[in-house]
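Structure, as structure tokens:
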Amino acid sequence: MRLERRAAMATLLAGRDDNLLVIPGLGSTAWDAAAAGDNDRNFYLWGAMGGAAMIGLGLALAQPRRRVAVITGDGEMLMGLGSLATIGIQKPRNLAVIVFDNGVYGETGMQPSHTQSGVDLIAVAGACGIATCLDVREEGALANLAQRLKTLNETLFARVLIAAEEPPRVLPLRDGVALKERFRAALGVRA
Amino acid sequence: MSERNPDWPDRLFESLKRAGVRQVGYVPDAGHARLIECVRADSEIHDVALTTEEEGVALAAGAWLGGERAALLMQSSGVGNCINMFSLARTCRFPMLMFITMRGEWEEFNPWQVPMGSIVDPVLKLCETEVYRANTSGEVAGAAERAIQQAFGNEGIAAVILSQQLIGKKVWTK
């Protein structure tokens, strides 16, 4: 069974508190996060393909008292597979890497990704040393993942199997400097 | 000639500490070996071993989002791995502070190091990087201070090039 992506994102982010920081990967997951409700604590990626998980790592290390959720697509994750190895040895307790896996590159015309031909991102994450790796393919497991995000206390990886569909785009703010500044202002940080 | 047991890595480490750097991303490198040791031994700094240098660009962006300063240590070949990820720093004005050990210039034995080593400067400049070169150990601390100011004061991209003459050539026969 495959979940509907907009509903899945809405479930994961419903009732979020100010200590949940979200890095939506470029492409459809950024539109999904914007559709779920814009938030100063979202840093949407319009580029930097392959970098979402590592941005999450840097943020998680800098903000140990807050929880970080990277929510990205299978294509974006595949471009940065090495970052799972890097995260696997750092093991920050406040980082979740969640991959919406539809087996296709939706933004470029639904060409098949490696996951459609058997590459198993859960097995990769586990082999990289991430102890908790969840296979989310139905509503109960999704609700469990949403609950875990509220009390995250371990490095977590989850693959959420979603249907290959293209809901209408909901475009977030596109100005990178503005996204950065409002995110930092929301956290009250300076460095 | 390069020195044996030079002290510039320790001076560089002191500069990073003074600047309040809390995350250091690196790919293991002979030229940076001493500095990496210092970073790993420091309890205030997260040392993050990377599988490829572009991970470090994303790491530093995430650190700044969370209010921490990061620095990246890499070899000249690593600059090539970073080019597309520099878009993140250029679009969003994330500070990028890089210390780059050179290969492929002075007395290089391995010709495979030359193609990337020979284009590090122009590639960095095309990516809107302020480049500061240190050819002698006496030039390292000053270059580091200017780079730190450009990165964190100006939210810009800054690279200190540590020349192969400074680091010493790789010994191939023992």
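Residue numbers begin at 1 in each chain, while the letters A, B, ... track the order of the sequences. Just so we're clear, the structure is a prediction, and the values are computed from it rather than from any experiment.
Annotation for B/G66 and A/A62: closest pair O-CB, 3.7 Å, computed over non-hydrogen atoms. Scanning all heavy atoms of the two residues, the minimum distance from B/T51 to A/A85 falls at CG2-CB, 4.0 Å. Annotation for B/C92 and A/G176: closest pair SG-CA, 3.6 Å, computed over non-hydrogen atoms. Taking every heavy atom of both residues into account, A/A48 and B/M85 meet most closely at CB-SD, 3.6 Å.
A donor-acceptor pair is defined here as one N or O able to donate and one able to accept, closer than 3.5 Å; no such pair exists between the side chain of B/E68 and the backbone of A/L59.
Per-residue heavy-atom pair counts under 4.5 Å with chain A were compared for B/V48, B/N84, B/V57, and the maximum is reached by B/V48. Between chain B and the residues A/L187, A/I23, A/L61, A/V68, the largest count of heavy-atom pairs under 4.5 Å involves A/L61. Note: B/E55 leads B/R93, B/E155, B/E54, B/E55 in heavy-atom pairs under 4.5 Å with chain A.
Note: the hydrophobic cluster containing A/L161 does not contain A/M9 (ILVMFWY, side chain heavy atoms under 4.5 Å, direct or indirect links). Connection of A/V97 to A/L78 is established within a shared hydrophobic cluster, with ILVMFWY side chains joined at heavy-atom distances below 4.5 Å, either directly or through further cluster members. B/F99 and B/I83 fall within the same hydrophobic cluster, where Ile, Leu, Val, Met, Phe, Trp and Tyr residues are linked whenever their side-chain heavy atoms come under 4.5 Å apart, directly or through other members. B/M102 and B/W112 are assigned to two separate hydrophobic clusters, defined by single-linkage of ILVMFWY side chains at heavy-atom distances under 4.5 Å. Residues A/V170 and A/V22 do not share a hydrophobic cluster, clusters being chains of Ile/Leu/Val/Met/Phe/Trp/Tyr side chains in contact below 4.5 Å.
The NE2 atom of B/H46 sits 8.0 Å away from the CD atom of A/Q90 when rounded to the nearest 0.5 Å. Note that the NZ atom of A/K180 and the OG1 atom of B/T91 stand 11.0 Å from one another [nearest 0.5 Å]. Distance OG1/B/T52 to CG/A/L81: 12.5 Å, rounded to 0.5 Å. Note that CG of B/L88 and CG of A/L45 are 7.0 Å apart. Values are rounded to the nearest 0.5 Å.
Counting heavy atoms from C-beta outward, B/L50 and A/M54 have side chains that approach closer than 4.5 Å.
For B/Q23, the part lying under 4.5 angstrom from a heavy atom of chain A is the side chain only. Neither the backbone nor the side chain of B/R22 comes within contact range of chain A; no heavy atom of the residue lies under 4.5 Å from a heavy atom of that chain. With a threshold of 4.5 angstrom between heavy atoms, A/L179 does not approach chain B through any atom at all.
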